[in-house]
Amino acid sequence: MARRDSQGWLFVLPAVIWLLAVNVGPAVYMVGHSFFAPRYSEERGASVRRWVGLENYRRFFAEDQLVHSIWFTVGVAVVSVAAELALGLLFAVMAWRATAFGIRLWRGLFAVPMLMAPVAVAYLATTVFAHEVGVINGLLHRLLGVPFESLPRWRSDRFWATLAVILVEVWQWTPFCFIVFLAALAAQPEDLREAALVDGAGEWQVFWHVTLPCLRPVLLTVLLLRLIEALKLFDVPYGLTRGGPGTWTQTYSMWIKEVAFTRYDMGLASAMSTMLLLALTALGIAVLPLLRKQLAISEEP
Amino acid sequence: MGSGARRRLLANVFLAAVVFIWIILPGVWTICQSLKEPRDVHTLRWIPWLEYEPTFAAWRENLGDPQLLRTLGNSVLVASATTVLVLVVGTPAAYGLARFRLPPFTSRDTLLFFLSQRFLPPVVVAVPLAVAVQSVGLYDNVVGLIVAHTAFFLPLGVLIARGAFLDIPRDLEEAALVDGCTRVQMFVRVVLPLALPGIAATALVTFGFSWNEFVAALLLTQYRAQTLPLFVAGSEDTWGLDMARVAVRGLIAVAPPLIVGLLVQRFVVRGLVMGAVKG
């Protein structure tokens with residue numbers, strides 16, 4: 001089979017071309033565009049592009065709310081992904097020892113959040129987080145007797161609005177971690193565990209020294225996948241908080257859209273896109289050894 | 001193993017409690033909200049008939065809304081077309097990656113190209129795409145959205161399908177070639193049928209992701225080509241957010257992937273796990 005290997009390109013090329021044309025092309029265009037600004041040209045009677053160097057980048061850093069969105073986006077991503085991994089692992093370990101029927105049942109029920117459209121989840125969550133009349137505040141008031149004045153203000157307080165975004169993210173994506181971890185646990189070689197148990201290790205020791213190290217590659221992959229997705233966060237704050245209070249929960253991706261289509265400032269939007277691409281490329285290069293190792297496990301033709 | 005049984009029971013009780021709080025409670029609450037009149041929406045009442053008089057007004061209002069039918073139709077069209085395109089373009093690519101060395105690169109490096117696409121933020125691609133589709137007259141047209149969605153979800157589809165092809169023994173393919181099949185015949189008649197479960201998983205996951213996608217739909221459409229997530233996002237009117245309306249629209253938007261996902265759980269889980277772990 002190895003003789004006619006370049007034939008493989010016949011199979012792969014259409015997909016590569018599609019991705020280059022629709023994904024890579026526009027992204028590269030944005031990078032190039034970030035060094036230009038429009039200017040009205042008298043002779044042509046239309047606006048033309050003018051080279052402005054790093055001016056668009058300078059304008060980004062001059063605007064505090066844009067710089068804030070970097071910290072907000074990264075912070076929300078780190079906190080929510082950490083919580084998703086921890087909870088997903090806890091639930092998976094719990095479900096792992098269940099019967100086959102139990103596993104199917106828990107997995108099926110837990111799959112619900114991640115099958116839902118994130119923006120729909122965000123809009124539905126508005127009634128859960130509403131002040132005084134939402135489910136959470138209602139229960140806090142009724143069951144715990146928290147007075148109305150001191151109930152969390154999910155929409156108008158910076159801290160609580162941030163927490164609401166994180167909670168919705170964690171609600172939706174913990175199940176993804178759960179399902180992948182559960183599959184990885186089920187695929188683990190049982191004899192290794194049994195050998196450790198026979199040698200007199202306690203359940204907890206076995207989990208810590210045998211099960212968890214076996215899960216490491218899967219944990220790292222899920223961490224990476226979730227982190228990438230969380231850094232692109234858009235739908236949830238869009239539906240839940242509208243980026244408010246003020247622009248506090250406006251994520252970086254939401255700003256790119258707003259700058260491009262509300263301010264019609266393509267130069268600034270391209271500069272922001274370029275910086276996001278640079279950051280994600282850096283992340284990609286940092287995890288390249290991990291990815292290569294992961295791929296080496298699966299078969300190489 | 002008395003203690004083992006007890007521990008299993010405890011774990012199951014714990015999971016039942018988690019599922020109740022995490023899934024059942026919000027689900028029931030949303031359904032309750034959808035049956036409320038405006039004056040009941042801002043109350044903590046749960047049980048219809050007992051605590052409040054249920055009304056189907058919000059359901060009637062939204063099911064009779066022509067924009068619902070339009071967005072529903074667009075969602076079906078966009079997600080189906082995206083799925084077909086991802087399968088037509090993606091499964092051969094997955095096969096090529098699983099079976100060929102692809103000089104001058106290695107197939108692993110080519111695979112890394114596909115993986116790298118998952119780093120691309122949708123908004124970075126969708127902003128220039130929106131400008132591009134405007135200039136070619138495809139703004140607010142499902143075709144533009146389908147082209148974008150196919151590019152967005154092709155990498156994941158290729159990964160899942162590649163996993164399915166890797167599981168097929170090569171001897172079968174060689175036997176087919178020895179028996180006089182051409183490569184294309186062998187791919188269509190021998191490999192594809194064997195990879196069918198993996199391809200079904202690819203199709204379901206792609207359909208779900210395309211159905212739920214919001215950023216590109218927001219930037220590439222305005223009215224005629226809007227999909228269901230945008231119908232949900234358009235729940236706001238001059239009076240603010242009508243909670244019953246949000247509940248009804250949200251439920252309609254999430255129902256199809258939920259029902260399909262729960263009916264064929266095995267394939268969906270397989271697809272998601274493969275896309276995560278083998279990638």
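Worth saying up front: this structure is predicted, and the values here are computed from it rather than measured. All chains are named by letter (A, B, ...) in the order of the sequence lines, taking the proteins before the strands, and each is independently numbered beginning at 1.
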Heavy-atom pairs under 4.5 Å with chain B, option from [options] with the top count:
| options | answer |
| --- | --- |
| A:Leu277, A:Val119, A:Leu182, A:Leu224 | A:Val119 |
| A:Leu19, A:Asn137, A:Ile228 | A:Leu19 |
| A:Trp106, A:Phe91, A:Phe110, A:Phe176 | A:Trp106 |
| A:Leu231, A:Thr281, A:Asp235, A:Ile256 | A:Asp235 |
| A:Ala117, A:Pro118, A:Gly102, A:Ser253 | A:Ala117 |
| A:Val16, A:Ile179, A:Leu105 | A:Val16 |

Checklist entry - What's the verdict on ring-ring contact (aromatic ring centres under 6.0 Å, His included) for B:Phe214 and A:Tyr238, showing C-alpha distance, side-chain angles and the deciding distance? => result CA-CA 10 Å; B:Phe214 181 64; A:Tyr238 184 95; 5.1 Å; yes

Side chain, backbone, both or neither: which part of [X] has an atom under 4.5 Å from a heavy atom of chain A?
| X | result |
| --- | --- |
| B:Trp29 | side chain |
| B:Val268 | side chain |
| B:Leu85 | side chain |
| B:Leu120 | both |
| B:Phe119 | both |

Would you indicate whether the side-chain heavy atoms of [Y] and [X] approach each other to under 4.5 Å?
| X | Y | result |
| --- | --- | --- |
| B:Arg245 | B:Ser235 | yes |
| A:Ser273 | A:Val31 | no |
| A:Thr126 | A:Arg155 | yes |
| B:Phe20 | B:Leu15 | no |

Checklist outcome for this item: CG of B:Leu115 to CG of B:Leu111, rounded to nearest 0.5 Å, is 4.5 Å

Checklist entry - In Å, rounded to the nearest 0.5 Å, how long is the span from CD of B:Glu213 to CG of B:Leu230? => result 9.0 Å

Chain B contact via [X] - which portion, at a heavy-atom distance below 4.5 Å:
| X | answer |
| --- | --- |
| A:Leu280 | both |
| A:Ala15 | both |
| A:Val287 | side chain |
| A:Arg226 | neither |
| A:Met266 | side chain |
| A:Leu288 | side chain |
| A:Met30 | side chain |

Next on the checklist: So which atom in A:Ala120 and which in B:Val254 form the shortest heavy-atom distance, rounded to 0.1 Å?
Outcome noted: CB-CG1, 3.8 Å

Any idea which of [options] has the most non-hydrogen atom pairs under 4.5 angstrom with chain A?
| options | answer |
| --- | --- |
| B:Leu219, B:Val260, B:Thr30 | B:Leu219 |
| B:Asp109, B:Val86, B:Leu228, B:Asn12 | B:Asn12 |
| B:Ala16, B:Pro257, B:Gly27 | B:Ala16 |

Checklist entry - Are B:Glu173 and B:Arg99 within salt-bridge range, i.e. N to O under 4.0 Å? => result yes

Next on the checklist: What verdict does the side-chain hydrogen bond (donor to acceptor under 3.5 Å, both in side chains) test give for B:Gln265 and A:Arg107, after you've listed the backbone C-alpha separation in whole Å, the side-chain angles of each residue and the deciding distance to 0.1 Å?
Outcome noted: CA-CA 9 Å; B:Gln265 199 202 120; A:Arg107 205 179 55 183; 2.8 Å; yes

Next on the checklist: Please check this pair: side chain of B:Arg249 against backbone of B:Ala244, looking for a donor-acceptor N/O pair closer than 3.5 Å.
Outcome noted: no

Checklist entry - Hey, would you say the B:Phe105 and B:Phe113 ring centroids sit under 6.0 Å apart? => result no

